[in-house]
Amino acid sequence: LPGVKRPAIATPIPREDGTATVLLDSGANVDCKSEYLVQFAIMGEVYSREIMGVINPKIGLISNGEEDTKGNELTLTALHRLKKLPYDFVGNVEGRDLYGTGKPVHVVVCDGFVGNIILKSIEGLAKTIFSSLKKNINASALAQGGVITFRCGAAPLTLRVTSERMIGKDTVLDGGGTITLSGGGQNRILKVASTFDQVTPRVTLQNLRLIDGRVSGTKPAGDTTLGGAAVYRMGGSLTVINSRFENNRGADSGQDQAGGAIFSLGVGETIIVGSVFTGNSCSNGGAIGNLGNPFTLVNSTLENNRATGSGGNPGDGGNGGGVTVDGQGKSVSLCGAVLRGNQARAFGGGFFRVAYQREITAIDRSIIDGNTIPAAAQSMAGGLYLQNTTANVTATSIVRNSANSAGGLYVGPSAILNLTNSTVAENTAKDSLGGGMAVDSSVTGRIWNCTFAGNQASDTDSFGGAIAGGDRKSVV
C-alpha cells in the first residue's frame, strides 16, 4: 500500500463475547520502529471497522503494564505517537485484554517478535486445554452411557486415550467415520465392566477406528485380564459395526489370554458386522477372543493377525491366529467373513473353535485363505480347527492354508461335519497328514457337492493330500 513502510500479519484472537480482537503484527517484523506500530494501528482499525464490522474500534498497545510509564523504548515512543491519532486509543494493554476480559479493546498493536510469542502461546494453551477437556469429557460421557457422538469437524481426528475407559451402562459410541481412539502402544482403550453372568450393559461401537491398544505382563493360568487390548469385556454384550481395529496387542503368551483387539467373556453375545481387523496380536485369538458367549461375525475381514503363544491349551497359548472361541452351550456364526493371512503357533491358523456338546458352528459364504502355522511341536489346522461342534460349512472357500498337519481344516473328536457347496484347494500339510482336511474317526456328517483340488501332504512320509482320517461311518 502507498505510504506503508512495513506490512503486518493481522490475526483475529477469539474473545469471550464471540467477537475477535485483531492482533498485529503477529510475526512479520521482529525489529520495529515506533512509526511502524502507528501504521499497524491504522491498518488494524480499518480492518476491524470494515471487515469485522466494529463501530469505532478501540486500539491498544501491548506493554508490561497499563501505566504510561511501563514498557521499553519502542513502546514508550509509540505510545506518545499513538495518542495523537484521530482514533479511540485506550493506551497500554496487557495480554489478558486480548480476550475481552479486561480493558475494552478491538485492535492490539505490537512488534512481530512479541506478537508471534503471544500467538504461539495461545496455540499451545489451546491444545493443552482441548486435550484435557477431551480426556475428561470422554471419561464422563462413557460413565453416563447413552448415545455418544463426536463433534470434531469433518476431518479425521485421532484421540489418544491415556488410560482405559470404563463403560458400565448401556452405550452407543459412534465415531462418525472420522474418529480414531488410540492407546498409543501403552494401555488398553475400552473396558466393559460387568460380571460373567450378566448380559448388560449392552455396548455398541460403530464407525470407529481403534488402534495401538496394549496390554502386557504375565499371569497364572486361569487369568484372562491381559487380552482385549482395544476392548476387554467382562460380562455385558458387545456389538461392533463398521469399525477398524489395527495393531492392538495383548499378552504375548499365556494359556488363557486372548484377543489382541477384542476379548469377550461372559454370557452376553458378541456381534461384529462390516468391520476390519488387521495387525493385531495376542497369545490366543490374534484379533478376537471369545469365551462363554454366542459369537457372530458378518461381512468382516480379519487379516494378518497373530496368535503368539505356543503349546496350545493346556500350554502357553498359540491357538486361533484370527479368532479363538471357547464356550459351552453357545453357537457361532460366520457369514461373509474373510480370514486371510493370519498366523497361529499351535492350532487353527485362521479360526479355532472348541465346543462341548456339539453346539453349532455355522460358516457360510466365507473365505479362509492363506492362514498358516509354522513348523512347531504342535502345528495343526492352518485354516480352521473345529472340535466337538456341529460344523455346518456352506459355500465357503478354504484355500492356500498350511500347517504341519491338516493344512486346510481339522474336524476333531465327536464333531459333526456338514460340508456343502464348498471348495478346499491348494492347502498344504507340511509334515504329516491331510493336506486339505484331517478328520477324527469319531466325526459324522457328510460332504456334499464340494471340490477338493491341488491340496498336498508334502513330506515324503505323508499321505492324504485331500482328506486324511475318518472311517466309512463318519463322512459320506
Side-chain angles (χ1 to χ4, degrees), residues 1-134 151-155 157:
L1 294 175
V4 175
K5 296 187 176 181
R6 291 288 188 276
I9 297 174
T11 304
I13 305 299
R15 294 160 55 101
E16 187 180 41
D17 60 5
T19 62
T21 300
V22 181
L23 173 68
L24 70 171
D25 181 15
S26 298
N29 307 278
V30 296
D31 294 312
C32 285
K33 298 179 180 179
S34 61
E35 61 183 303
Y36 301 166
L37 300 188
V38 172
Q39 292 189 345
F40 297 165
I42 296 171
M43 291 188 290
E45 193 275 344
V46 174
Y47 183 92
S48 181
R49 175 165 39 84
E50 297 295 332
I51 303 300
M52 305 188 71
V54 177
I55 300 173
N56 192 29
K58 298 180 182 297
I59 303 170
L61 174 66
I62 280 286
S63 188
N64 63 331
E66 295 183 358
E67 298 87 351
D68 288 356
T69 57
K70 293 292 183 71
N72 56 22
E73 183 178 351
L74 173 64
T75 60
L76 290 170
T77 304
L79 178 69
H80 177 72
R81 301 182 69 167
L82 287 166
K83 286 182 176 182
K84 296 180 181 180
L85 291 177
Y87 302 120
D88 190 355
F89 178 64
V90 299
N92 287 338
V93 296
E94 298 179 284
R96 63 173 178 266
D97 299 321
L98 283 165
Y99 312 103
T101 57
K103 181 183 289 188
V105 66
H106 303 98
V107 179
V108 171
V109 176
C110 60
D111 64 60
F113 182 82
V114 172
N116 194 254
I117 291 174
I118 291 174
L119 183 61
K120 295 301 171 61
S121 297
I122 292 171
E123 291 175 354
L125 179 61
K127 289 180 180 179
T128 300
I129 293 173
F130 185 52
S131 176
S132 178
L133 284 173
K134 286 190 295 185
R151 296 181 180 178
C152 301
L157 178 66

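- Contact of the Ile118 side chain with the Ile62 side chain is registered, since non-hydrogen atoms from C-beta on lie closer than 4.5 Å.
- With sequence neighbours left out, Ser121 forms a side chain to side chain contact (heavy atoms under 4.5 Å, CB included) with Ile117.
- Residue-environment remark: CG (Leu125) exceeds the threshold of 12 foreign heavy atoms within 6.0 Å.
- Contact detail for Met43 and Arg6: the closest heavy-atom pair is CE-O, 3.9 Å.
- A donor-acceptor pair under 3.5 Å is absent between the side-chain atoms of Asn92 and the main chain of Gly60, judged by distance alone.
- Judged by distance alone, with hydrogens and angles left aside, the side-chain atoms of His106 form a donor-acceptor pair with the main-chain N or O of Lys58 at under 3.5 Å.
- At a cut-off of 3.5 Å, with distance as the only test, a side-chain donor of Ser26 or Thr11 sits close to an acceptor on the other residue.
- Among residues at least two apart or in separate chains, salt bridge (charged side-chain N to carboxylate O under 4.0 Å, His left out) pairs with a member in residues 36-49 are Glu45-Arg49.
- Taking the salt bridge (Lys or Arg N to Asp or Glu O under 4.0 Å) definition, one finds that Lys5 meets it with Glu35, sequence neighbours left out.
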For this session: In sequence, state the C-alpha distance, the side-chain angles, and the governing distance for Phe40 and Asn29, and then conclude on side-chain contact (heavy atoms from CB on, under 4.5 Å).
Result: CA-CA 11 Å; Phe40 297 165; Asn29 307 278; 3.7 Å; yes
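- Checked against salt bridge (Lys or Arg N to Asp or Glu O under 4.0 Å), Arg81 has no partners two or more places apart in sequence or in another chain.
- The line from CG of Leu79 to OG of Ser34 is 11.0 Å long, rounded to the nearest 0.5 Å.
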Exercise. Stepwise, does the side-chain contact (heavy atoms from CB on, under 4.5 Å) test hold for Cys110 with Leu37?
Worked result: CA-CA 7 Å; Cys110 60; Leu37 300 188; 5.7 Å; no
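- The salt bridge (Lys or Arg N to Asp or Glu O under 4.0 Å) search around Lys83 returns Asp68, not counting sequence neighbours.
- In this structure the side chain of Thr21 never reaches within 4.5 angstrom of the side chain of Tyr99, judged on heavy atoms.
- Side-chain atoms of Asp97 come within 3.5 Å of backbone N or O of Glu94 as a donor-acceptor pair.
- Residue Ala10 comes nearest to Val22 through the heavy atom pair CB-CG1, 3.9 Å, listed as atom of the first residue, atom of the second, then distance.
- Closest approach of Gly27 to Ile9, counting heavy atoms only: C-CD1, 4.2 Å.
- In this structure the side chain of Leu74 reaches within 4.5 angstrom of the side chain of Asp111, judged on heavy atoms.
- Across every non-hydrogen atom of Phe89 and Leu61, the tightest pair is CE1-N, 4.0 Å.
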For this session: Go through the steps for Thr19 and Val54 under the test side-chain contact (heavy atoms from CB on, under 4.5 Å), then give the verdict.
Result: CA-CA 9 Å; Thr19 62; Val54 177; over 6 Å; no
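- In terms of heavy atoms, Val105 sits closest to Ile59 at CG2-C, 3.8 Å.
- Taking both residues in full, the closest heavy atoms of Val93 and Lys103 are given as CG1-CD, 3.7 Å, listed atom of the first, atom of the second, then distance.
- Residues that satisfy the salt bridge (Lys or Arg N to Asp or Glu O under 4.0 Å) test with Glu73, not counting sequence neighbours, are absent from this structure.
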For this session: Could you go through the salt bridge (Lys or Arg N to Asp or Glu O under 4.0 Å) check for Lys120 and Glu123 one step at a time?
Result: CA-CA 5 Å; Lys120 295 301 171 61; Glu123 291 175 354; 5.2 Å; no
Exercise. Can Leu24 and Val107 be said to form a side-chain contact (heavy atoms from CB on, under 4.5 Å), step by step?
Worked result: CA-CA 8 Å; Leu24 70 171; Val107 179; 3.8 Å; yes
